[in-house]
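Encoded as structure tokens, the structure appears first; notes follow it.
Scope of the values below: all heavy atoms of this structure, side chains included, with no hydrogens, waters or symmetry mates. Note that the structure is a prediction, hence the values are computed from the model and not measured.
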Amino acid sequence: MNKVYDAVGIGIGPFNLSLAALTNDLQDADILFLEQEASFDWHPGMLIEGMDLQTPFIADLVTLADPTNRFSYLNYLHEHNRIYQFYFFNRFTIPREEYNTYCKWVSFRLDNCQFGQRVTDVSAMPDESCYKVTARSTEDESERSYYAKHIILGTGSIPNIPEALQGFPEEDITHTSRYMYLKNTLKQGNSITVVGSGQSASEVFYDLLQDQKEGAYDLTWFTRSSGIFQKEDTGLGKEVFSPEYVDYFYNLPLRDRMESLENLSTIRNGVDPKLLEKIYELLYNRSIESPLQQITIQTNTAVNTMEPGDNSQNRAYSLQCEQWQKGEKFTYPADKVILATGYKPHLPDWLENFYEYIEWEDEKRFRVTADYRLVFKDSRKNQIYTLTNIEHSHGSSATNLGLSVLRNQKIINSIAGKEIYPIPQQAVFQQFEMKKLY
């Protein structure tokens, strides 16, 4: 008889890795996690030296649910004899590169994670009250089946590259997710343009700016947003990343939820203030000797299409741009282009098996329960939990590392059918709607 797990998690990014760490030693939730990559690696193409994670170290994989858990970041430091260095480091944030190293350390110690397993199909088996998960080894192409009462979708996101900017050689036109792999090739161009706003664009621009004098390339930064804004960094402002706000957001109508996401754009997508200070300081110091003729920074500017350049421009590509606020279109030359155009949810092909049975809020967004279950048209006992494509339902919590533990607490409690990890109450000082006084 085949073993039936309580759940199979598909994909092992930080969200499912947190879930694996919180359940590895539990008797109440037997969950297996599968990942197609050979090992854990979190955005390796953006591990620029000296760049920090945007959430504090306390928002690691486990601490907000279980501070005594052996997979905490502090225990990682302790086991690596780095806890005094971190103490003298004297910061609440940590380098992104070390966060990745910490996650690797956790993944090596988990018994419930299997890497090198590409899930090719998931199908319901109503007679067996479970799902069948088919996976293929990336090493020898052998196929294996797993069975689970529930599925946890944690396939993350993929680069969001506008269709009009696709189809060009990657060594010339690339997404920020590939930056570290291609930075040396990119810096060989005579003219480099960064497209987009937010943290990733700022980090890449700063890295290129630091090496610009040596590389002698022209450096341009175009962003469609109306400014280059810092992220909200005050206590009250950051309380939108809280259990209370997630609950408030979830109960709004879809149109109000989508509007709220727009209103919170600077909190969600703003740039680390310290990084903006570093950029400005470098620009200021470099301008002492002469005007910054090789540097262009322009907001309110969309890059709509690209074409091969002509001989008159002496550049490999011609960017068709628009300063949208003034309605002015212009052509801009570039040899290399780095797209900081964000990410979109990665929904695997096998999910189409369930599309006709799922309730949808609109043509792209499926309906999700408060505890992260897809809503089916039938009243099935076997659930599909999702950590992917939930920005419309759970707001800022969808991509925030600090709230991943909260999501996983709710999923674990739901799968176990009892409270394994208590959900925090009154976690913030403000309220988001008027409470009844009677």
Salt-bridge present ([X], [Y]; N to O < 4.0 Å):
{"X": "R118", "Y": "D349", "result": "no"}
{"X": "D272", "Y": "K231", "result": "no"}
{"X": "R380", "Y": "D378", "result": "yes"}
{"X": "K274", "Y": "D52", "result": "no"}

Assign the ring pair Y146 / Y5 to parallel, tilted or perpendicular, where the plane angle (0 to 90°) is split at 30° and 60°.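 Y146 vs Y5 ring planes: tilted.
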
Should the ring pair Y84 and Y87 be called parallel, tilted or perpendicular, given that the plane angle runs from 0 to 90° and is split at 30 and 60?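 Perpendicular.
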
Measure the shortest side-chain to side-chain distance between Y372 and S414 over non-hydrogen atoms and say whether it is less than 4.5 angstrom.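 In short, these two side chains do not touch, never coming nearer than 4.5 Å.
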
Looking at E391, H394, H392, E361, which hits side chain to side chain donor-acceptor pair (under 3.5 Å) with R257?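 Answer to the side chain to side chain donor-acceptor pair (under 3.5 Å) test with R257 among E391, H394, H392, E361: E361.
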
If you take the centroid of each ring, where Trp contributes its six-membered ring, are H80 and F86 closer together than 6.0 Å?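 That pair fails the under 6.0 Å test.
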
Is the centre of the F57 ring less than 6.0 Å from the centre of the Y102 ring?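 No: the rings miss the under 6.0 Å criterion.
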
From CA spacing to verdict: salt bridge (charged side-chain N to carboxylate O under 4.0 Å, His left out), K238, D233: CA-CA 7 Å; K238 290 190 291 187; D233 208 31; 3.6 Å; yes

Could you grab the distance from atom NZ of K132 to atom OG1 of T134, nearest 0.5 Å is fine?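 Atom-to-atom, K132:NZ and T134:OG1 are 5.0 Å apart.
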
